[in-house]
Amino acid sequence: MIGNGEALRMEKVHKSFDATHVLRGIDLSVAEHEVICLIGASGSGKSTLLRCVNLLEDIDAGRIVVEGEEITAEGVDVNRIRRHIGIVFQSFNLFPHMTVMRNITLAPIKALKMSAADAEAGATELLERFGLVDKRDEFPDRLSGGQQQRLAIVRALAMKPDIMLLDEVTSALDPELVAEVLNVIRELAAGGMTMVIATHEMGFARDIANRVCFLDDGVILEEGPPAQIFTEPREERTKQFLQSIIEAGRM
Amino acid sequence: MTGPRAWVEEPLEPPPPKERGSRLLGNRAFLVSSVSTIVFFAVLTLVVVLAPGFRAVGAQFFSFRAMKASFFGVPEAGLPPIWRGFLLNVEVFMVAEVLILILALLIAVIRQIPGPVFFPFRMVAIVYTDLFRGTPLLLVIFMFTYGIPALQIQGLSTQGPVVYGGAALVLSYSAYVSEVYRAGIESVHASQMMAARSLGLTRWQSLRYVILPQAIRRVIPPLLNDFVSLQKDTALLAVVGPIEAVRAAGIYSSLRFNFSPYVVAAFLFILLTIPLARFTDHLIERDRRRRAGGGAR
């Protein structure tokens with residue numbers, strides 16, 4: 001199911017915020033239709049990595065290539081690049097002053113210059129697929145957390161991205177709402193969406209990932225198929241991390 | 001009595017009957033508050049009425065004849081009607097308000113533009129705001145009305161005092177209002193800009209469709225407050241000549257030695273500001289209901 005083409009490649013990516021060196025040389029290659037889960041402690045650089053791929057953060061060194069184009073090159077139109085890369089945040093970041101429908105259609109209409117009718121037709125299709133069609137005229141404040149996060153995923157999908165970046169999308173949700181969001185992600189994976197997912201849900205990562213990357217202190221310390229990472233990790237730090245997760249009852 | 005109140009339909013045990021004593025207490029509280037209110041206003045009225053100059057003030061400030069005459073004007077005596085002067089206040093206010101809303105927003109947005117190329121623009125916006133916020137409005141009106149004609153710039157130097165005074169109002173208030181806008185823009189969380197940009201919207205599109213609509217909604221009450229203030233400050237134009245409400249009242253009172261016209265002018269200004277306040281309340285309430293309340297229609 002994983003394609004031969006390369007969707008994303010990061011080469012020796014470095015990123016610092018003032019004195020903190022958050023990414024210390026990230027090398028990562030993601031094939032088309034591949035699902036990668038990034039695991040690691042808070043502050044290990046998972047979110048920063050995803051934000052760099054979406055050009056929400058400038059990188060200090062290295063390069064990032066998406067679908068064969070170096071997006072970190074000088075003079076690249078960031079808006080054009082971002083239209084192909086969807087990102088969903090932990091805190092939803094929906095537009096509170098717009099209806100569900102308008103949240104979804106804003107970017108297709110303004111950034112892709114789609115007609116309102118086409119954008120709404122596409123949005124309706126997505127809303128039907130993710131069980132939100134009866135909420136189309138509601139405002140985000142009136143949806144549950146799970147519905148809000150599903151809407152955020154739909155909003156990103158409406159741009160028809162080549163790759164989706166999910167940044168701890170279930171961390172802000174009540175436990176009983178986590179499943180509905182994870183099911184949406186499972187469906188995307190089944191549909192062949194290329195995804196890079198930062199997550200604390202180890203069971204979910206084990207189910208869905210083609211490959212799991214353990215980030216520690218700004219580098220990918222260990223990567224491999226979930227069966228290997230979760231059952232026989234090679235690195236001492238990975239073992240410690242997984243042990244602490246098990247002790248916290250999160251696995 | 002459906003929906004949210006359904007839970008009271010079957011209480012576990014009947015509520016205890018209200019005791020006679022507590023009802024008496026309720027009656028007593030009502031009685032006390034009534035007596036207290038009556039006494040308070042009676043004393044206040046007595047203080048005013050028994051003041052040594054009460055009759056003189058009544059004749060000087062609340063003469064119905066003078067009010068009526070000044071409101072409608074006395075053409076044969078050269079006394080301009082206050083109502084017509086007040087129309088000029090309203091006109092200046094309406095035009096100034098629209099210009100202020102636009103100019104202030106422009107300045108607030110300019111101050112937000114990042115990047116070294118725009119440094120001079122940001123600089124101009126900051127200096128402008130500091131300058132006009134720091135100068136008393138009265139001085140700005142004087143300087144514009146007497147200074148600009150002296151510059152002898154074609155087209156610009158041949159306007160009337162209403163235009164110069166109005167321009168002074170616009171520039172002075174825009175400096176204030178731009179700060180109100182800016183506070184609103186900064187109150188919208190940075191994650192909103194990030195979400196908009198992540199979808200491929202340009203910085204301008206994000207500002208236009210995501211940030212500003214939220215920012216402006218939040219600052220409607222303080223904006224209104226500034227506009228109530230602006231409505232009253234149109235009276236300052238009186239110092240450079242145009243016959244607006246306060247000037248019309250002033251002409252009457254100086255010729256007939258009666259201050260009642262000022263009360264008329266004051267009353268007109270109050271009449272103008274109250275509907276604006278109620279309208280804003282209505283807008284805020286509607287927005288609140290639509291986003292969180294019962295129906296999303």
Side-chain angles (χ1 to χ4, degrees), chain A residues 47 50-51 53-57 77-114 134-143 151-152 154-161 164-165 167 172, chain B residues 3-4 105 108-109 112-118 181 183-221 223 280 282-297:
Chain A
S47 295
L50 294 180
R51 282 168 197 214
V53 175
N54 203 30
L55 301 179
L56 290 170
E57 303 287 357
D77 178 3
V78 295
N79 299 317
R80 181 175 59 78
I81 298 298
R82 288 187 185 130
R83 283 168 210 152
H84 302 287
I85 305 174
I87 186 166
V88 182
F89 305 95
Q90 179 179 341
S91 52
F92 323 145
N93 298 355
L94 297 166
F95 306 136
H97 60 301
M98 292 179 183
T99 61
V100 165
M101 182 52 91
R102 183 101 174 110
N103 261 279
I104 302 169
T105 57
L106 178 73
I109 292 173
K110 302 299 172 190
L112 299 179
K113 309 292 174 209
M114 216 184 259
D134 55 323
K135 306 288 180 198
R136 52 177 290 158
D137 298 320
E138 301 277 12
F139 284 82
D141 287 359
R142 304 189 54 206
L143 306 182
L151 171 57
V154 167
R155 183 175 68 175
L157 288 176
M159 295 294 285
K160 299 195 173 31
M164 285 281 279
L165 312 171
D167 186 3
Chain B
L105 184 59
V109 167
Q112 301 294 312
I113 306 175
V117 183
F118 294 99
Y181 275 130
I185 290 171
E186 267 162 25
S187 78
V188 178
H189 199 268
S191 62
Q192 286 286 311
M193 182 54 114
M194 194 169 65
R197 297 303 305 276
S198 79
L199 289 164
L201 296 171
T202 62
R203 175 169 285 281
W204 164 245
Q205 287 172 330
S206 307
L207 196 64
R208 161 78 182 74
Y209 298 108
V210 176
I211 307 298
L212 288 182
Q214 297 184 61
I216 290 171
R217 234 163 274 205
R218 284 181 202 183
V219 298
I220 285 176
L223 275 184
T280 316
H282 165 74
L283 284 185
I284 295 168
E285 177 61 19
R286 194 186 63 178
D287 190 52
R288 193 190 62 76
R289 245 199 334 256
R290 202 177 53 153
R291 278 180 42 191
R297 277 152 283 279

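In what follows, every chain begins at residue 1, and chains take the letters A, B, ... in the order their sequences are listed.
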To the closest 0.5 Å, what do you measure between [atom1] ([X]) and [atom2] ([Y])?
| X | Y | atom1 | atom2 | answer |
| --- | --- | --- | --- | --- |
| B:Ser198 | A:Leu50 | OG | CG | 12.0 Å |
| A:Ile109 | B:Gln205 | CD1 | CD | 11.5 Å |
| B:Gln214 | A:Met98 | CD | CE | 8.0 Å |
| B:Ser191 | A:Leu56 | OG | CG | 11.5 Å |
| B:Thr202 | A:Arg82 | OG1 | CZ | 10.5 Å |

| said: Suppose we screen for side-chain contact (heavy atoms from CB on, under 4.5 Å). Which residues come up paired with B:Leu207, at least two apart in sequence or across chains? | reply: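 So B:Leu207 forms a side-chain contact (heavy atoms from CB on, under 4.5 Å) with B:Val109, B:Trp204, B:Ile211, B:Leu212.
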
| query | Which heavy atom of A:Ala111 sits nearest a heavy atom of B:Gly200, and at what distance? | reply |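 Answer, listing the atom of A:Ala111 first, then B:Gly200: CB-O, 3.6 Å.
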
| task | Give the minimum heavy-atom separation between B:Ala195 and A:Arg155, together with the two atoms involved. | result |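 Closest approach of B:Ala195 to A:Arg155, heavy atoms only: CB-NH2, 3.8 Å.
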
| query | Side chain, backbone, both or neither: which part of A:Arg51 has a non-hydrogen atom closer than 4.5 Å to chain B? | reply |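 Contact with chain B: side chain only.
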
| field | Under 4.5 Å from any heavy atom of chain B - which part of A:Ile81 | value |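 When you check distances to chain B, no heavy atom of A:Ile81 falls under 4.5 Å.
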
| Which atoms of B:Gln192 approach chain A - backbone, side chain, both or neither, heavy atom under 4.5 Å |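 Both parts, heavy atoms under 4.5 Å.
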
| query | Between A:His97 (side chain) and B:Tyr209 (backbone), is there a donor-acceptor pair under 3.5 Å? | reply |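 Side chain of A:His97 to backbone of B:Tyr209, a donor-acceptor pair under 3.5 Å: yes, one is there.
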
| Test log, rule side chain to side chain contact (heavy atoms under 4.5 Å, CB included), inputs B:Leu199 and A:Lys110 | CA-CA 10 Å; B:Leu199 289 164; A:Lys110 302 299 172 190; over 6 Å; no

What pairs of donor and acceptor atoms, side-chain ones from residues 84-93 of chain A against any protein atom, are under 3.5 angstrom apart with sequence neighbours left out?
{"from": "A:Ser91", "atom 1": "OG", "to": "A:Asn93", "atom 2": "OD1", "distance (Å)": "2.9"}

